[in-house]
Amino acid sequence: MVLNEREQGLPDFVREHDIDNVTLDIIENALKNIRYEMDRVLVTTAVSPIIREQADEFPLIADRQGRMVVGQFGSPVDTVLENSPYKVEDLKDGDVIATNDPYMMEGSTSHLPDILLVRPIFYEGDHVGYALQWGNLMDVGGKTAGSIPIDARSIYEEGVRMPPVKLYDGGKLNEEVLRFFCHNSRTPRETRADIMAIAAGTAAGAQRVKDICDRFGKETYLEACDALLNRTRTSIINLMRQLIPEGERFEFEDYTDDDGLGNGPIKLKLAMWREGDTLHLDWTGTDAQVPGPVNFLLNHRMFQMFAGVFLISAVDPTILFNDGYSDVIKVHIPEGSVLRPKDPAPLSNRLVVMARLFDVLGAVYAKAIGFNVSGSYGTSPNFVYSGVKPDGEPFQTMEILYGGIPAIPGKDGLDGHSWWPEFLAVPAEYMETYYPMIVEEYTARRDSCGAGQFRGGCGIRKVYRFISDGRITYQDDRAHTYPYGVAGGRPGAPSKKTLIRKSGETVELPSKVSDVPVFEGDRLVFETAGAGGVGDPLERDPEAVAKDVRWGLVSREAAESEYGVVLGEDGSVDAAATQSRREEIRASRPEPPAFDHGDLPPLAEQRRIIAETRRKFNEWLSHELGTARANGRG
Amino acid sequence: MGYNVAVDVGGTFTDVLLFEERSGRLIEGKVLSTPDDPSRGVVEGIESVCKKLGVSFEDLNLFFHGTTVVTNMILTNTGSRVGLLTTKGHEQILLLARAWTPGPLYGWMSLVKPDPPADPTDTVGINERIGPDGGVLVPLDEEEVREAVKSLVERGVESLAIGFLNSYVNPAHERRTREIVRELYPDLSVSISSDIGQEYGEYERTLTTVVNTAVQPRTMLYMKNFEKSVRERRFGGALSIVRSDGGAMSTQAVAERPIQIALSGPSGGVTGAAYLAREIGVKNILTFDMGGTSTDVSLCLNGETPVRRDIQLGYFQFKSPAVDVHSVGAGGGSIAFVSASGALQVGPASAGADPGPAAYGRGGEEPTVTDANVVLHRIPPGVALGGTLQMDEEAARRAVGKVAERLGMGIEEAAEAILEIVNENMHAALRVVSVERGHDPREFGLVAFGGAGPMHANALGRLIRSRSVIVPPTPGVMSAFGFLSSDIQNEFPETYLRIAEETPASELKKTVERLIAQANEWLDGEGVEEDEKRFDLYADCRYYLQNIQIPCRFELDELSGEDSTFLRERFEEAHRQRYNFELPDSPLEIATVRVVGRGTIKGVSLVASEDGAGTDASEAVLRTEKVYFGGEWLKTPIYERSRLRPGHAVGGPAVVVQDDTTTVIEPGYRGAVDRFGNILIEEA
């Protein structure tokens, strides 16, 4: 990995700052508010459900050098400029650079549907920073509706790649480039509207930075940016010193199911250690890149940010996230691994590896810090249904579904909630109004929650009935592996998909499929994974178990087998029977592991099952496609 | 000739405001609230004010009541036990909610989610299904309904909510189910979701219905007892309850839709400020209501109270029209602290009323905004809050000293820093409702009220650069004042979801006329006379598939022509102002059509007095004190508000004291008393 020059010495902002503390605090607050405003502008004006109903977008303000002062993802400004024909000196007020190319961005956008807009901010002719915003577009072309094919073998199959181009030049919209880009999308109108909305978000951010300069003066604002970077850097160093013992190495590994082409499971392995004021995070031991599109091109600064955000969220959420600590968290990602694949490896379905990355990072921290150990999250797949309505109008949905939230010590996980901040489920009434489907069922999935003193959240069970012929594509995971439990907690249930044809024929589908033909009257039973539990299930309050049974989240059988809780006819706890049942279980069971990954076959056997599942599915799919064509419904 | 009265029940005090029609006088009263039975405090409060004037209940014509009875039931989950009937397959609708967890990354760790307001055990899915176009996909299984209701009632359910999918398009199944319930249990309280909201979004509609049902029985009882106790005292006038959207309605209407009064109290301040602004000829205002734990701000264009379509109470967000205020956790009780990174922060944690700020001398030790004001003498020594509570300056200094030490500052310097930070938080809130929505605050007056509002108003006016700052004569009872100025009001919305370009205006007209008829019928039920009725028509529009709804107002006679594109210009102007872009190729979607029916009643009218006192306000000076401004102690006159008269001018620095609040005028500013007794603060 190439290190930037400034990462070798002390960053230039580490010095005394000529700004009084109160002004600094005021500017910090104002910057935080800018981020929320950018969010609001985009979420209210965008048109695709994934942004407007689910809020999949991220804003950021960077300083003159392109370092993130406030935001969540770490700033890629330097990379964007390096890979563009533009130099900082060429930029002017009203410019907006747009790109969706992950390889040119070193992973700052990690698949093609994510577009990034970078707007330089000028105050009275002087360059003072950047406003950035990411947004998830509904479709950018490629071989499958939604641009997340599960069987792409290179990024060229995944959609149109836009290198950094000026979407606006001095305030003038580059209509030609926008038209060209949107023309490659199956949803040109939505794509255009969403890009305009993202641009409006960056404009709002830029305007607010100008307002701060108006109020405090440009020099004070720039000094404040430096001081805020420095303040966060100092805070992170203090947190690390306090929390992470020096000289010890903490490691954890877990698996993603497969790459959608029959290769898997795929190992992610992370080691962490502290050396003085430097925290090392090393992905050595992670599996090599895979042929299918689950490769997650991980931007090193984004990962530094995730690592810092975890510490901040767990300990002192009042600390501002920014690039101030990028020199004290050193990240190593092996070239050619599933986290640093080589161009043109396919990337579209990176979400499943990203989800595992958060599990692994959380577990490593849990080992190092020893608190807030959570179980593993369920799954949060995308789901796309596309086709042509009976009236001839083409349609395409895009929805994110949610699984169980993990348990943490002291608290059960939430059922069917979003791991991602501020995301929402799409109302059935919205989907049904705009798209030819009926949501027949949407419930928490009984017994999918990992048992524990604090149980994991249940996954969801959603049943769609299709009204038009069309195709479905989704990207899930955890069908072959389990979301782990911790400290005696049990893993959550794997995900599951069942297609029920109108004829009654039932087919179990793998966790990732693209372009499966569906017909009017077919049903899809979509079940996401539950989350892992924390602590010994035999220590769970029997009344809490009784309540879970009453609420339909845990069956009576599981109450007895997993928790040793025996319920009477009326659903109340039978205390005596419970006590003896619990003693029985205690006497007969083995010592629970620190991390319970579930009852898995040996690795070689898992590989064989995964390959076999895919092979059988492919056979079935080509048969289905053939039949559909023969029936004139292909 | 007689009197109108408004009563606002708060957590600690019940405020009473009496309007004397003959003289135009406003008479204030305050009694302690009686949480066990709030109506007792109301009656006592009125009696005490009546006694001052030697009048009785018989002399009262109009009676406006703002109540937190519903708010409290929702927040403390003490409504009745509700059973819920849903569409089969969607029984866990309230448990799954909308899957929301807070930001940032890992924010889910901190989310504490309350149990659903209808226990999942008391929820039954019914075999029935309406499609998105209103067609019946699965007929209603009436036998199943009967069995479900019987078993729920046997289990102890006290009221019933019915929320079926797509009922907002076709309510037939919900209505039939209600009939069945009424046949079986005529006395059981029942709500159906299509009555509560004709808008898409099954979770929000169901939640709103369930909460409405939960609070219904106790609200009905409260209204009945309350009405009885005032009628027993021979009150013969019209009794109105204040709604969350600032309108008013009868107790009977409340009994049907108690959810509509969930934010009854806070709406009054904005309505009152908007009314005041209209009367004194300042059409566009920002309102700034700063209390003990939070500050509410809003923006009123053309003197109209802004209304939004949902309300947030604790974790839950409901669909119900409410005055559009933006709240921020900043108030007199907000606690200042220094974070791990060394940043000074104020709030949102609050010392509340108990123990309260350190200066209250009730054992509070954390430094609060009030303590900073006491340290700096913005609350001058010797002034008693509410006329009774003496400030403990030493305790305030000790508390602020803790922060000062960590910041390496002097105590006064730290106190001033605390004020700057809390002002900044409130400034950000004012920006949300103004700048972020494309409005220039320099064109707005800032009306300040609430216990702490006038103390910070000058600073906020300076920060947001408002045209002027207006401190009304009775800033402590602004809500009650607003109640007096409210109209009988209700809104009738319907989800429309049609493209303007493809919708003949004549079809839109049919829908509007139907809604007007509903509104008209409701107003008749409220006893509103024909010539007092008014109907405001709105089409809430967006570009096709967007998430916003921008209200576009129109008149009935505009509805002619082959399409409804006349709305487009109105929509795009607002969209441009707010977001700086348009989408000329995108179709315009009419998401909701809305009719607001109003019946004008005149509960109050302002009477201007003659100027004539001259500008010299020295007769109102109580004494001088040293007060800390901008890093130094300045000799500052302290004025008594009740002695200030129209025409008087007060140069800053100055502090004006009255029973329930303190107005600060900064150096370089000047306060002028207008003909209605308001203090207008502007740059000198």
Side-chain angles (χ1 to χ4, degrees), chain A residues 21-22 25-26 28-30 33 37 41 43-47 52-53 72 189-190 193 196 200 203 231-232 234-235 238 306 309-310 313-314 316 318-319 321 372 402 405 408 414-419 421-425 427-430 432-433 438 440-444 460 463 550-552, chain B residues 88-93 95-111 113 119-121 129 131-132 137 165-166 168 200-203 339-345 407 417 420-421 424-425 428 431-432 435-436 497 543-548 575 579-581 583 585-586:
Chain A
N21 255 319
V22 176
D25 295 341
I26 291 171
E28 174 177 326
N29 269 327
N33 283 318
E37 178 180 354
V41 168
V43 170
T44 48
T45 57
V47 304
R52 59 163 270 186
E53 297 285 340
Q72 297 196 65
R189 194 168 66 193
E190 285 86 347
M196 299 302 286
R231 185 143 97 177
T232 298
T234 311
S235 311
N238 288 338
F306 293 161
V309 168
F310 186 96
S313 298
D316 184 355
T318 62
I319 298 171
F321 312 148
N372 270 333
Y402 307 104
I405 292 275
I408 55 176
L414 296 167
D415 307 300
H417 271 54
S418 173
W419 193 96
E422 313 268 6
F423 281 32
L424 291 170
E429 289 176 346
Y430 172 86
E432 294 180 0
T433 300
I438 294 292
E440 293 198 333
E441 187 181 330
Y442 180 44
T443 52
I460 57 120
V463 181
R550 272 203 313 276
W551 284 18
Chain B
K88 189 158 277 177
H90 296 265
E91 294 82 355
Q92 277 155 336
I93 185 166
L95 183 73
L96 295 175
R98 295 243 355 235
W100 178 89
T101 58
L105 279 173
Y106 300 103
W108 53 267
M109 286 188 179
S110 62
L111 176 62
K113 190 171 162 244
D119 194 290
T121 320
R129 189 65 146 91
L137 300 178
L165 257 70
N166 293 319
Y168 73 101
Y200 94 83
E202 65 272 15
Y203 167 71
S339 78
S341 60
L344 173 63
Q345 314 225 356
L407 294 171
E420 281 189 52
I421 297 290
E424 197 55 40
N425 293 346
R431 288 179 65 92
V432 169
V435 182
E436 286 192 18
L497 302 181
Y543 287 124
Y544 183 61
L545 291 177
Q546 266 183 337
N547 198 14
I548 24 170
H575 196 270
Y579 303 112
N580 272 315
F581 74 98
L583 296 169
D585 298 336
S586 270

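Protein chains get the first letters and strands the later ones, always in sequence-line order, with residue 1 at the start of each. A quick note: this is a predicted structure, and the numbers were derived from the prediction, not measured.
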Name the region of [X], side chain, backbone, both or neither, that has any atom closer than 4.5 Å to a heavy atom of chain A.
X       : answer
L407(B) : neither
L137(B) : side chain
V435(B) : both

[X] [atom1] to [Y] [atom2] distance, which is reported to the nearest 0.5 Å:
X       : Y       : atom1 : atom2 : result
R129(B) : E432(A) : CZ    : CD    : 4.0 Å
I438(A) : N166(B) : CD1   : CG    : 7.0 Å
D415(A) : K113(B) : CG    : NZ    : 7.5 Å
L424(A) : Y203(B) : CG    : OH    : 10.5 Å

Notebook entry, point to check: Taking only residues two or more places apart in sequence, or in another chain, which ones meet Y442(A) in a side-chain hydrogen bond (donor to acceptor under 3.5 Å, both in side chains)?
Noted result: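 With neighbours one apart ignored, the set is empty.
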Problem - All side-chain hydrogen bond (donor to acceptor under 3.5 Å, both in side chains) counterparts of E424(B), not counting sequence neighbours - result: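 For E424(B) the side-chain hydrogen bond (donor to acceptor under 3.5 Å, both in side chains) partners, ignoring immediate neighbours, are R215(A), H427(B).
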Exercise. Measure the shortest side-chain to side-chain distance between N425(B) and N29(A) over non-hydrogen atoms and say whether it is less than 4.5 angstrom.
Key: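 The answer is yes; the side chains approach within 4.5 Å.
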When you measure from the side chain of E440(A) to the backbone of G89(B), do you find a donor-acceptor pair of N or O atoms at a distance under 3.5 Å?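 Such a contact is absent between E440(A) side chain and G89(B) backbone.
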Handout entry: Portion of T234(A) that has a non-hydrogen atom of chain B nearer than 4.5 angstrom
Key =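 No part of it gets close to chain B.
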Check whether I405(A) gets within reach of chain B through its side chain, its backbone, both or neither, counting any heavy atom under 4.5 Å.
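It is the side chain, since no backbone atom gets that close.
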